[in-house]
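Below: one structure, written as structure tokens.
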Amino acid sequence: MTNQAVPKLSVRDLWKVYGPNPKRLVSGDFRNMTLAEQLDHVRSQEHFVAAADVSFDVYEGQIFVIMGLSGSGKSTVLRAISRLDEPTCGQVFLDDTDLLAAASRELIEIRRHKMGMVFQSFGLLPHLDVVQNVAFPLKAQRRPRSERRAHARKMIELVGLKGKETAYPHELSGGQQQRVGIARSLAVEPELWFLDEPFSALDPLIRAQMQDEFLRLQTQLNKTIVFVTHDFLEALKLADKICIMKDGEIVQIGSPAEIVLHPADDYVREFIGDVPLANVLRAEDVMSPPWKDGETHPSVARDSILEDAIKLFDEKTETVDVTDNDGSVLGSLHPLEVIRSLYHDAPEANS
Amino acid sequence: MTAFGRSFVVSCVRAWPWLVVLALTALLLMQRAAYPHIIAYPDAWTLPIAEAVNVVMDGIVAGAQGVTRAISGGLNVVFSGVQFFLTGAPWVVSVCLFALIAWQGGGWRLAALTVALLFYVLISGYWIPAMNTLSLVLVALPLSVLIGFGIGYLGYRSERARRIIMPMLDLMQTIPAFAYLIPILLLFGFGPVVGLIASVVFAVPPMVRNTILGFQRIPPAVLESARMSGCSRPQQFVWAEFPSAMPQMLIGVNQTTMAALSMVIIAAIIGGFEDIGWEVLSAMRKAQFGHSLLAGIVIVILAILLDRVSSAYAARQLPGASHVGLSLRRFALVLGAALGVAAVAALLLPALWVWPETRVFFPAQVINQATTDFLLAYGDVMAALKNSVQFYVLLPVKLGFERAIVPFTWGITFTPGMKTTYWIVTLICAAAAFGLNRWKTGVAILVMAGFFYFGATGLPWASVFLLITLVAFQVGGRRLALLAAGTVIYLLINGLWPQAMLSVYLCFVAVLMCIFFGGLIGIWAASSDTVSGIIRPINDMLQTLPQFVLLIPALMLFQVGDFTALLAIIAYAIVPMIRYTEHGLRSVPGTLIDAGLSCGCSSWQLFWQVRLPQSLPQILIGINQTVLYGLGMLVIAALVGTTGLGQAIYVALGEANAGAGLVAGLGMALIAMTADRILQAVIRKQN
Ligand SMILES: Nc1ncnc2c1ncn2[C@@H]1O[C@H](COP(=O)(O)OP(=O)(O)OP(=O)(O)O)[C@@H](O)[C@H]1O
Ligand SMILES: [Mg+2]
């Protein structure tokens, strides 16, 4: 399913500096400095670093979540990759094309066919109804009217808005507007899907519902996704990989379990503080090698959350097996290790 | 030392610059008999700026005449075409055309209103002049809209351009229209084209403002989503930016339409063209009030129709509009068919082509007679009203108690004993205010007492200069003080001081009355939905009418003079005061009122301690608008014989003296801008 060998999207040494003359600052022997020197160099000259030396890879079908406090540079990175704002320097590869080197003609083509984006404030065109909004990117491609309307209707059905085709944005609730935004971003069947805090403007109940639907969509569509959020729980729920940012720099990149079990520093630990770990950690994250004592143990699937696994322990049961989809035993859970992991104390032998 | 004494000293220290200026003023006033130049600015100290402007203007006219005459020739051709159609076409065809356009914008009710109002125009016999006026508006409108859109879009795209455009707009809207009629007259020659160009110039600013606003207000995410959808730059403009800015721009079109109509009417003053403004004006000059009223109603009708139709098109653009009309192609088909049928009908029936004379109903004589009868019956009441305002309000402000209180007006003589008492009371009040730690109130008492004692025309110019500069400095700092000082110096060195003070006097009275009565009406409207419902359409009406029309009823009842002008100015300038007072009072948060009630406030206390202070910022904005409206109307009121800057401009127009007109017009604009900036600084301080 996922091709782990070659990344779909690859970001290298990306900088975004605000100030009177950012280009000048990153020229010359900037490349040869260490990161600390670079930061000093830029900050000492009354410039503001919104993204510093950002590098990461996203593989096909992966949900890559960028997480951080407000102002940490999440949107900056996303907008630099999509070139809504020009980055100061760096490289962004989509397959083999360097997006930052693309001429504006080429960039428009890439946006028309390969990229979709969802905005926090929806960004729907107020004078167009739902169908026209969703069909808008296809209109930019100059596809025939009947074709784009038919396709738009399919997308609208996909996001569960059937029956609202002729409504205008102001007649829709926030959740419905964001569904339109999602349908529009999917209309061109993009390879790369960017979402900048898509659910932040929604109330908690709708947000949870939209997250579930987002996951459902992704199992259907299998896009390569960069998702920005400031909500750590949302990141844990959705991400294959989480990238935590602070003041424009990446603090840590890892899977949800890696982040929770091995936080890189206190900044990351802050986030984990009140996370209900039993809901986040999965059986495979904390299991130890298979415990073979000849008896049969109750078993759980590898990706079930610990809360479900814990319920299987009782007076007689001290071991629970973790099984793969085909039923083969991958490892075992023991009460002590489970308890330790719930207290941020990772088992030593986690592979 | 008592607390009172201590506060008194502290207040004196705080108010020292004021006390110095006031002392200086007292000194100057004592010496005024010996040196008349203390009051009247010496002619020898003026500069011939107006003459210099004339020389420059002559140069420009000589140099640019080829181009300008070509432009006016071109415009003339376009205009003549439109005029030929509107005045020559059978009236059924025109009525059909307008009714269908109205229907497309606003549905059946608007179409019915249009037909009904147009029938009045037909019946009154003013069809041809009305169509002449309409052709001017219809040619000016697209030009203003296009130019305004171009400039506005430039201002949106370029920060640097915007920094030049915004002050230009301020200037264009504060310089009285009469003033730039003159250079246009010189450049483009006589005839209706002058009115056309003047109204294009006058009607551009609202379009520019709304265009900039419309584009700036587009949410950034809308533009970015268009970019991410893969729009090229032109696609983004046509499909996302332009439609998103459209609702605001259509509001601009509505305002531009009204401005164009207003200016077309004012430009009638140049004469030589049979439009509806000219009908009113010439009737007014011949004291044929019946005629002017009937023609004035036609102007009102044009204003209502243009306003309703253009705002209907604006409303239709908004999401959730109830009426959308036909698609453009279908509409064109229907229009063509309907006009064809109407044309055929007109060919068969001549009465449908030209409205028959016999069906004209023109009750001018009846109105004249009724007015005369009314004046005969109630003449003494009207005269008493007029005289009391004149004697007790206008004259004291203009001449001061010193000269206004004579047996002829007040029935008493202002004896030295009374004068002494006046000043002693003033000083006691001011001292009390100082002692109670209210030095600003104390200074205000002294200044006001002096103002009413000596009158606007009896103050030493040097003191006025110092006082205004000081006010400006204290509320707005150095730059504002510079503007205020510059304005006064400009008026002085151009020899416009006496006229300026006359303008200020009339405007001052009008604004005070607007604040008082407008405030009361606003309070009343805020407390009663019925009153509010009655007041609102009247306000809308007063604002959409070309200012000119307001002169007619005032003139009918009170003849030429300051009082008539005062009424006309109040009628126009009271509107913002009413609106903002009502709005301010109504938008006081309910929680605050509840809090007040739960503290046991009586409704009287609730008003003075909660609602009024809360709505003060809004009310101040209303006052600011009222001042600007008052100054704007002042110039038009010059038509009914006021003296002052308005008259100076009006006279210059008669003599085609561009220099004098522009210099006086700029003086007016400077006064307006200074007043505006000072009030805005006060408003900022309040917040
Ligand atoms: N045009 C700009 N000029 C100067 N500074 C900017 C500009 N745009 C963004 N910044 C700064 O860059 C920093 C990062 O902004 P960014 O929008 O990426 O934050 P974010 O992580 O997306 O935060 P949020 O969760 O609030 O959206 C902020 O401190 C912001 O002030
Ligand atoms: Mg952001």
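Chain letters run A, B, ... following the sequence lines, proteins first and then strands; every chain starts at 1.
The distance from atom CD of A:Q141 to atom SG of B:C231, rounded to the nearest 0.5 Å, is 10.5 Å. The structure places CD of B:E241 at 11.0 Å from CG of A:L125, a figure rounded to the nearest 0.5 Å.
The minimum heavy-atom distance between B:S229 and A:A140, with the atom names listed, is O-CB, 3.7 Å.
Counting non-hydrogen atoms of neighbouring residues, nucleotides and ligands closer than 6.0 angstrom, the CZ atom of B:R308 reaches no more than 12 such neighbours. Dense packing is recorded around CZ of B:R233, with more than 12 heavy atoms of other residues, nucleotides or ligands lying under 6.0 Å away. For CD of A:E46, the number of neighbouring non-hydrogen atoms (other residues, nucleotides, ligands) closer than 6.0 Å is 12 at most. Within 6.0 Å of the CG atom in B:D594, the count of heavy atoms belonging to other residues, nucleotides or ligands exceeds 12. No more than 12 heavy atoms of other residues, nucleotides or ligands sit less than 6.0 Å from atom NE2 of B:H583.
Applying the ring-ring contact (aromatic ring centres under 6.0 Å, His included) test to residues at least two apart or on different chains, none of the pairs has a partner in residues 103-146 of chain A.
The closest side-chain heavy-atom distance from A:P126 to B:S244 is below 4.5 Å. Contact annotation: the side chain of A:R112 never approaches that of B:M228 to less than 4.5 Å [non-hydrogen atoms, C-beta and beyond].
Annotation: maximal heavy-atom pairing with chain B below 4.5 Å, among A:I108, A:L107, A:L124, occurs at A:I108. Among the candidates B:A221, B:S232, B:A240, the residue making the largest number of heavy-atom pairs closer than 4.5 Å to chain A is B:A221.
Of residues 78-95 of chain A, those residues with a non-hydrogen atom less than 4.5 Å from any non-hydrogen atom of chain B are, in numerical order, A:R79, A:S82, A:R83, A:L84.
With a 4.5 angstrom heavy-atom cutoff, B:P243 touches chain A via backbone and side-chain atoms both. Looking at B:Q235, only its side chain comes within 4.5 Å of chain A, counting heavy atoms on both sides.
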